[in-house]
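Shown next, in structure tokens, is the structure this report addresses.
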Amino acid sequence: MTSVHQFHPVLTPADAMSDHVFALRARLREWGYDAQAYCVEAKPGVEGEARSYRELFRTLRPEDTLVMHFSMGHPVFDELAKIPARRVLVFHNVTPPDFFVGINPHAAAHARLGLRQLAKLAPSIDLAIGVSEFDRQGLESAGYTKTATVPILIDWSRYDVEPDPDVRALLAGIHTKLLFVGRISPHKRQDDLIRMLAYYRRCIDPEAILILVGSHRDQPQYYARLRALAEALGLSGAVRFTGTVPLAALVAYYRSASCFVSLSEHEGIGIPLLESMHLGTPVVAYAAAAIPETAENAALLLPKKDLAEAAEACAILNEDLGYRGTLIDAGHERVKAYDTEKIAARTKEALAL
């Protein structure tokens, strides 16, 4: 079947959700729709996968659907919202600007703009989708009247790759390997993870390491602070910043880790938690924002931010193999709620296809 409708997913500026956008584009094409992806500012590596958003001003028709993925402010969203078409906003949450004050004024300004735009766009949007119930409630608070909760569409088959053997070999002789995956950013609190490691090495395992997987491109000031903190605490060799890694390396880090630990204070959903569960890595996480909703009973959730308690929780998963196995099994069960076909069906229902 070929539909008269065209779908035009638009990536957010410096988009961290491009994999989701491309998965949505692929599924729309499977359903017989002409779907194209457009970018405002695509992250490195996806430039050839998306067209320039400027094409939309020439090609979009009133019967088409424009899907805007929103996670930070950008002036182009005000202009896109004026194009006559069915407009859908997919909300990945906006990081509160206070996290960036005194560290990255540019990021703080874009976050403030994002919060203003979110409210301003509400009358122009036909359907607003939160990728978690936490995000959907944020849309309601911003004035959106027609909302839905549809989690991110994840193609789990992507992770069926052989783990990078070099990464596995590099970590093979280390007993405690604490892992966090996510871009380097103040709200993700990698600084607290480094401080937690200092306690862990002093009180539990002096050879423990912390692996921080994620790009620092957008937060050079905070990254420099993290490096300085690790050095000041005598942890330069124990904190490993990997930057962005290929999928095979990412899978290797997950499968090699003692546990995944998050002390992030703001997450709209927390995809790395689900990746951990899918790949059999037990999770310890501070119960902030959407984290409890995403994890449910499949993670060891910390109700308050206490670095010593966080370290001891990680140690429990390293030492109590029975409990570790129970949590891994719970994680596998939890990920079933994010099954690709289930989420695809919910997406199709929400978009009224």
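When reading the values below, keep in mind they use all heavy atoms of this one structure, side chains included, and skip hydrogens, waters and symmetry mates.
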Is any NZ, NE, NH1 or NH2 atom of the basic residue among D191 and R195 found under 4.0 Å from an Asp or Glu carboxylate oxygen of the other?
-> yes
Within-4.5 Å side-chain heavy-atom neighbours: H187 and P96 | no
Salt bridge (charged side-chain N to carboxylate O under 4.0 Å, His left out) partners of E265, counting only residues at least two apart = R189, K305
State, without any angle test, whether R29 and Y33 hold a side-chain donor-acceptor pair at a distance under 3.5 Å.
-> no
Side-chain donor-acceptor contact under 3.5 Å, T176 with N318 | yes
Would you indicate whether the side-chain heavy atoms of E267 and S264 approach each other to under 4.5 Å?
-> yes
Return the minimal non-hydrogen interatomic distance between I204 and A311, and the atom names on each side.
-> CD1-O, 3.8 Å
Would D64 and R61 satisfy salt bridge (Lys or Arg N to Asp or Glu O under 4.0 Å), going step by step from the backbone distance to the final call?
-> CA-CA 5 Å; D64 293 340; R61 304 172 302 177; 3.1 Å; yes
Is it true that a side-chain atom of S185 and a backbone atom of Q219 form a donor plus acceptor pair closer than 3.5 Å?
-> no
Would you say R201's side chain and A208's backbone share a donor-acceptor pair under 3.5 angstrom?
-> yes
In terms of heavy-atom contacts, N93 and G268 come closest through CB-CA, 4.1 Å
Hphob cluster co-occupancy, V161 + V167, side-chain heavy atoms under 4.5 angstrom | yes
Interatomic distance, S124 atom OG to I83 atom CD1 [nearest 0.5 angstrom] = 11.5 Å
Point-to-point distance, once rounded to the nearest 0.5 Å, from CZ of R116 to CG of L118 = 12.0 Å
Is the closest side-chain heavy-atom distance between I211 and T242 below 4.5 Å?
-> yes
Report yes or no: do F100 and F70 belong to one cluster of Ile/Leu/Val/Met/Phe/Trp/Tyr joined by side chain heavy-atom distances under 4.5 Å?
-> no
Determine, step by step, whether N104 and F99 satisfy the side chain to side chain contact (heavy atoms under 4.5 Å, CB included) criterion, reporting the C-alpha distance in whole Å, the side-chain angles of both residues, the deciding distance to 0.1 Å, and the verdict.
-> CA-CA 9 Å; N104 189 333; F99 283 107; over 6 Å; no
When clusters are formed by joining ILVMFWY residues with side-chain heavy atoms under 4.5 Å apart, either directly or through shared neighbours, do L113 and L89 land in the same one?
-> no
Atom CG of L301 and atom CD1 of I291: how far apart are they, to the nearest 0.5 Å?
-> 8.5 Å
Checking Q36 side chain against R51 main chain: does a donor-acceptor pair fall under 3.5 Å?
-> no
For E133 and R136, run salt bridge (Lys or Arg N to Asp or Glu O under 4.0 Å): C-alpha distance rounded to whole Å, both residues' side-chain angles, the deciding distance at 0.1 Å, then the answer.
-> CA-CA 5 Å; E133 177 61 17; R136 192 201 66 78; 2.8 Å; yes
Rounded to the nearest 0.5 Å, what's the gap from CG on L60 to CZ on R58? Could you check?
-> 12.0 Å
Scan for side-chain hydrogen bond (donor to acceptor under 3.5 Å, both in side chains) pairs involving residues 276-287, sequence neighbours excluded, and state none if there are none.
-> none
To the nearest 0.5 angstrom, please state how far the CG atom of L250 sits from the CZ atom of R255.
-> 11.0 Å
Not counting sequence neighbours, which residues clear salt bridge (charged side-chain N to carboxylate O under 4.0 Å, His left out) with R87? List them please.
-> none
Mark yes or no for whether S262, through its side chain, and A285, through its backbone, hold a donor-acceptor pair below 3.5 Å.
-> no
Is the centre of the F91 ring less than 6.0 Å from the centre of the Y144 ring?
-> no
Please step through side chain to side chain contact (heavy atoms under 4.5 Å, CB included) for the pair R324 and E319, ending with a clear verdict.
-> CA-CA 8 Å; R324 178 185 180 86; E319 297 164 2; over 6 Å; no
Quick one: does L24's side chain get under 4.5 Å of V21's, heavy atoms only?
-> no
Under 3.5 Å, is there a donor-acceptor pair between the E231 and S236 side chains?
-> no
Using the side-chain hydrogen bond (donor to acceptor under 3.5 Å, both in side chains) rule, collect all pairs that involve residues 306-316, keeping only residues at least two apart or in two chains.
-> Y199-E312
More than 12 foreign heavy atoms under 6.0 Å from NZ of K120: is that the case here?
-> no
Is it true that R86 and E63 have a side-chain N and a carboxylate O under 4.0 angstrom from each other?
-> no
Please report the closest heavy-atom contact between T149 and R346, naming both atoms and the distance.
-> O-NH2, 3.0 Å
Between the main-chain N or O of G73 and the side-chain N or O of H110, is there a donor-acceptor pair closer than 3.5 Å?
-> yes
Determine the minimum heavy-atom distance between S256 and L171, stating which atoms define it.
-> CB-CD1, 3.8 Å
Using the side chain to side chain contact (heavy atoms under 4.5 Å, CB included) rule, take M72 and T95 through it: C-alpha gap first, then chi angles, then the decisive distance, then the call.
-> CA-CA 8 Å; M72 64 187 295; T95 303; over 6 Å; no
Could you list the residues that satisfy salt bridge (charged side-chain N to carboxylate O under 4.0 Å, His left out) with E341, not counting sequence neighbours?
-> R27
For L28 and A35, work out which heavy atoms get closest and say how close.
-> CB-CB, 3.7 Å
Roughly how far apart are L273 CG and I269 CD1, rounded to 0.5 Å?
-> 10.0 Å
Any chance the side chains of R183 and S215 put a donor and an acceptor closer than 3.5 Å?
-> no
Once the angle between the rings of Y159 and W156 is folded into 0 to 90°, is it parallel (under 30°), tilted (30 to 60°) or perpendicular (over 60°)?
-> tilted
Determine whether the side chains of Q190 and D192 contain a donor N or O and an acceptor N or O closer than 3.5 Å.
-> no
Is there a side-chain contact between V67 and V90 (heavy atoms, below 4.5 Å)?
-> yes
Examine the side chains of S52 and E55 and answer whether a donor and an acceptor come within less than 3.5 Å of each other.
-> no
For residues L327 and C259, determine if any side-chain heavy atom of one lies less than 4.5 Å from a side-chain heavy atom of the other.
-> no
Are any non-hydrogen side-chain atoms of L139 and I125 less than 4.5 angstrom apart?
-> no
For the residue pair I154 and I343, establish whether any side-chain heavy-atom pair is separated by less than 4.5 Å.
-> no
For I194 and L233, run side chain to side chain contact (heavy atoms under 4.5 Å, CB included): C-alpha distance rounded to whole Å, both residues' side-chain angles, the deciding distance at 0.1 Å, then the answer.
-> CA-CA 9 Å; I194 293 172; L233 295 175; 4.1 Å; yes
Side-chain ion pair, E333 and K336, N-O less than 4.0 Å = yes
Which heavy atom in C314 sits nearest to a heavy atom in L178, and how many Å separate them?
-> CB-CD2, 4.0 Å
Are I152 and F134 connected, step by step, through hydrophobic side chains (Ile, Leu, Val, Met, Phe, Trp, Tyr) whose heavy atoms are closer than 4.5 Å?
-> no
Does L307 belong to the same Ile/Leu/Val/Met/Phe/Trp/Tyr cluster as L210, with side-chain heavy atoms less than 4.5 Å apart forming each link?
-> yes
Which residue pairs satisfy the ring pair (Phe, Tyr, Trp, His ring centres under 6.0 Å) criterion with at least one member in residues 243-277, sequence neighbours excluded?
-> F180-F260
